[in-house]
There are 4 protein chains.
Amino acid sequence: MPSPRLFRLDPDKRAAIFSAAAEEFATHGFEGASYNRIIERAGVSKGAMYYYFDDKADLFTTVVTDVFDQLEKDLPPPPPEVSAAAFWRSVHGHIDCIIRYGRENPTYVALMRATHEFEYSGVTDVAVKEVCKKSRERIERFLRDGQQVGAVRGDLPLSLLVELVFVLDRTVGHWIAERLDELTSEDLSRAGRMLCDQIKRVLRPADSHHGRDGRSVKSTP
Amino acid sequence: MPSPRLFRLDPDKRAAIFSAAAEEFATHGFEGASYNRIIERAGVSKGAMYYYFDDKADLFTTVVTDVFDQLEKDLPPPPPEVSAAAFWRSVHGHIDCIIRYGRENPTYVALMRATHEFEYSGVTDVAVKEVCKKSRERIERFLRDGQQVGAVRGDLPLSLLVELVFVLDRTVGHWIAERLDELTSEDLSRAGRMLCDQIKRVLRPADSHHGRDGRSVKSTP
Amino acid sequence: MPSPRLFRLDPDKRAAIFSAAAEEFATHGFEGASYNRIIERAGVSKGAMYYYFDDKADLFTTVVTDVFDQLEKDLPPPPPEVSAAAFWRSVHGHIDCIIRYGRENPTYVALMRATHEFEYSGVTDVAVKEVCKKSRERIERFLRDGQQVGAVRGDLPLSLLVELVFVLDRTVGHWIAERLDELTSEDLSRAGRMLCDQIKRVLRPADSHHGRDGRSVKSTP
Amino acid sequence: MPSPRLFRLDPDKRAAIFSAAAEEFATHGFEGASYNRIIERAGVSKGAMYYYFDDKADLFTTVVTDVFDQLEKDLPPPPPEVSAAAFWRSVHGHIDCIIRYGRENPTYVALMRATHEFEYSGVTDVAVKEVCKKSRERIERFLRDGQQVGAVRGDLPLSLLVELVFVLDRTVGHWIAERLDELTSEDLSRAGRMLCDQIKRVLRPADSHHGRDGRSVKSTP
DNA sequence: GATGAATGAGTGTTCATTCAT
DNA sequence: AATGAATGAACACTCATTCAT
């Protein structure tokens, strides 16, 4: 956990640290990132850095958590009414929000990706796992609501659906980020609709129209 | 590029090198991986390693290429007949093949994931990009065929569809890998069908049934 | 020298500092000890510490001096009567006192040992040397008294005898400290008598009974 | 454990490393010693050092072991005949040998002292403990032989007697080392006799002449 | 053809200490 | 009087790579 001093620190300095760290971690992943490089780019002394953060992992966790929290804060509240339509409207709202956030903070999108990778890798940090878990739980609650109004299929493990949504979002996000310069604002909102559609396709309950494949994965659900 | 000497090397030694490298890279990513650790675990001399491979990047590329090639070799040939049904049958065949491969080489699945991440990161290596590009082109050709028989939507950029297929596969692959012990052989083929279904959902052309969302992202495609 | 402010400090705080320092120095020696760790464990601010003590060496010296002084304060007064018997009785009194002190302050025993080592090492601090010198002078005066009443041999350099007494005490002290849990109170007083006996053996003048060895080391005493 | 490469190393280089390490450890103790300083003074590269030794502890242990082994190699064999006189003659032989060794390698004497301290401190290394244990066991066997011929008292725990012998030797050794320049060769052999006498005093069985003090420490021996 | 000794810049982290407040 | 933020040199150790043999 970062020292409380961090929050007493000049916001500009703190921003400089977070930005330098986010960029380094996003570019090189956790293990590949150089603490020294971050320190140098943030323009702080070595000692100061260790005054704010316990170690490299702590810095990573703190920055990642911050990014996730920042995003989450902007997300719209859960839908007041309960219906499939309301559910999808809410999904759309979330996606718009996320895309907008990503457009304004491309580095943070990359950082989120790096975080996810890190989580998948063999050297996962406990604190990072926590951040990811929180993030997943949020989606899980969301999907559960979707299942109750019949918007989300119930024949697949939630954990898998969560992962799919996670990854669809990241993939489209990355695809967008790579073409950010050439996309108009109109393109972006179209991209939002497209992503929403894709998620809908993935989550929608199986019906006669689409065949009977992939009903359930585990024999004992 | 690895030295031609590599291919004259005792296959067991070569396998030891590849296996050690794959594991290290899969666990730590490219930058986080330790060349020394690989050398040590492979049980070869330091000089020998630099005798076979130019450097760390070369080893990485070589191993990754090998894994991709290995997999590709096993993939079924493109469907002889051309029809939507044949296309999906072929997709299913591919997926079964990939899942089988992943079950037998879990390390390689992790390595592929690591490769993908590496590609996404900011420090992409030219050679690795080449491997990934080749792999993507294969999918792209596939999807183009699918489009011709009306199995794959044509209203989204191919590059995005390729990415989505890529990532769906990896996600389900990882989801499976994490639960490999608890899944029966029957579960696995069910998972194959499920993944196929998901890909179908993602690729299928938009129709009246599913609304008009996400028609196209770029205004001038 | 510590600032006079130290003595105006809340005794509890001061005790906390001394205790933390004693433990750290005892465990790691002077050079190995971490000033930061001491500060942290004492629960005082960094500035405060440098407000009370000049530096690490000053803290060390102060604490060590305190421990020596504490012990010395409890030691019995020199024997009023002058005779060999009175001398040995006094020695015994001292030893009992020291053993009791050590039992109650095992950390301080370790600290004394660490001090001694430090003195032996190549980086001796002037102030510490002073403390040790004072302590040695005390023993020296004692031994000189013993010589006058014929209780202590006169054929060896006093400095050597002092060292031997010093070290016998520390060795038995350490031996006891290591087994403190298993020794009864009775064992302890037996240990006191034993140590006294050992010191007597070492100091007693050479006589015909014990041979002529070790008469004198330096040809010109 | 040091790498076997160490023993393939140019003896001069190895000696340089050992000497630099011995001096540094002797002067600063284990924790206080600077690996960097040793490397610098030994005139080897950083990498090379870690090529020979696992880490700082390994270097310490290796050097210490070497010193102990060196000394031990020179020690005279155990006495052929068994009698108190032979025992004491053997003790004398050992002491002469040790004093001679110390005169020629004053650094190593200091290192031995540092080792002992280190062992006493709270952060003992397993390997170092092993070296000390071996050394103690040697003395213990010796004393046991002495007890059998009635030369050594049996009323005190052997572990304590061992410690006392250990420490007497070190103390006299240090006392000599400090005055090495002013002592003639004759002084040295006189010192040897003196130390032998002191050890005799400490070990000799209690007899009527010396009173009944210190018979046994533990109530249940 | 193949080795493994050697390198020194790099790693993340801790150090004793200072000084503006 | 007292704080705690800040420093940068030093710490033990690892890195990818070279090269004489």
Side-chain angles (χ1 to χ4, degrees), chain A residues 3-6 8-10 13 30-40 44-60, chain B residues 3 5 8-9 13 30-40 44-60, chain C residues 3-6 8-9 13 30-40 44-60, chain D residues 3-6 8-10 13 30-40 44-60:
Chain A
S3 160
R5 300 153 195 139
L6 176 64
R8 274 180 255 136
L9 179 64
D10 170 29
K13 266 262 173 269
F30 175 74
E31 293 199 85
S34 161
Y35 206 61
N36 286 347
R37 226 150 33 197
I38 293 172
I39 285 169
E40 203 177 350
V44 296
S45 78
K46 208 156 233 185
M49 209 65 172
Y50 279 91
Y51 192 56
Y52 300 132
F53 305 96
D54 294 337
D55 51 20
K56 189 184 176 185
D58 187 31
L59 170 61
F60 181 58
Chain B
S3 157
R5 299 161 202 129
R8 270 179 260 135
L9 179 65
K13 268 262 171 266
F30 174 73
E31 293 200 86
S34 160
Y35 205 57
N36 286 348
R37 222 148 37 197
I38 294 171
I39 287 170
E40 202 177 353
V44 294
S45 80
K46 219 150 215 183
M49 211 66 172
Y50 278 92
Y51 189 60
Y52 299 131
F53 305 97
D54 295 339
D55 52 18
K56 191 184 175 184
D58 186 32
L59 169 63
F60 182 57
Chain C
S3 158
R5 299 160 202 132
L6 175 64
R8 272 178 259 138
L9 178 65
K13 268 264 172 264
F30 174 73
E31 293 200 85
S34 161
Y35 205 57
N36 286 348
R37 223 150 37 197
I38 293 172
I39 287 170
E40 201 177 354
V44 296
S45 81
K46 216 148 218 184
M49 210 67 172
Y50 278 92
Y51 190 59
Y52 299 132
F53 306 96
D54 296 338
D55 53 17
K56 190 184 174 182
D58 185 32
L59 169 62
F60 181 59
Chain D
S3 158
R5 300 155 196 137
L6 176 63
R8 273 179 256 136
L9 180 65
D10 170 30
K13 267 262 170 268
F30 174 74
E31 293 200 85
S34 159
Y35 206 62
N36 287 347
R37 224 148 37 197
I38 293 172
I39 285 169
E40 203 177 353
V44 295
S45 78
K46 204 158 240 183
M49 209 66 170
Y50 280 94
Y51 192 55
Y52 300 131
F53 306 95
D54 293 338
D55 50 22
K56 191 184 177 183
D58 186 32
L59 170 62
F60 181 58

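Chain naming here is simple, since letters A, B, ... match the order of the sequence lines and numbering starts at 1 in each.
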Are [X] and [N] close enough that a side-chain N or O sits under 4.0 Å from OP1 or OP2?
X        : N       : value
Arg5(A)  : dG4(F)  : no
Tyr50(A) : dT13(E) : yes
Lys56(A) : dG12(E) : yes

Do you know the tightest heavy-atom contact between Glu31(D) and Lys56(D)? O-NZ, 3.3 Å
Give me the atom names and distance for the closest heavy-atom approach of Phe53(A) to Asp58(A). CA-OD2, 3.4 Å
Roughly how far, to the nearest 0.5 Å, is CD1 of Ile39(A) from OG of Ser34(A)? 8.0 Å
Mind checking the OH-CG spacing from Tyr51(C) to Leu9(C)? Nearest 0.5 Å is all I need. 10.5 Å
Give a yes or no on whether the backbone of Val44(D) and the side-chain of Lys13(D) come within a donor-acceptor separation of less than 3.5 Å. no
Quick one: are Met49(B) and Leu59(B) in side-chain contact, heavy atoms under 4.5 Å? yes
Contact check, side chains of Lys46(D) and Tyr35(D), non-hydrogen atoms, under 4.5 Å: no
Go through dT7(F), dT17(E), dT17(F) for me and flag the one nearest to the Asp55(B) side chain. dT17(F)
[X] [atom1] to [N] [atom2], straight-line distance once rounded to whole Å:
X        : N       : atom1 : atom2 : value
Leu59(B) : dC15(F) : CG    : C1'   : 15 Å
Asp10(A) : dT21(E) : CG    : P     : 14 Å
Met49(B) : dT18(F) : CE    : P     : 15 Å
Leu6(C)  : dA1(F)  : CG    : P     : 13 Å
Asp58(B) : dT17(F) : CG    : P     : 10 Å
Arg8(A)  : dT3(F)  : CZ    : P     : 14 Å
Glu40(C) : dT17(E) : CD    : C1'   : 17 Å

Note: contacts of residues 30-39 of chain B with DNA chain F (heavy atom, under 4.0 Å) are Ala33(B), Ser34(B), Tyr35(B), Asn36(B)
Checking only heavy atoms, does the side chain of Lys46(A) share a donor-acceptor pair with the base of dT14(E) at less than 3.5 Å? no
Select from Gly47(C) and Asp54(A) the residue whose nearest nucleotide in DNA chain E is closer to the 5' end of that strand. Asp54(A)
Where are the stems of DNA chain F, defined as at least 3 consecutive Watson-Crick or wobble G-U pairs with both distances under 3.5 Å? E:2-21 with F:2-21
Heavy-atom nearest nucleotide on DNA chain F taken for Val44(A) and for Ala57(D); more 5' hit belongs to Val44(A)
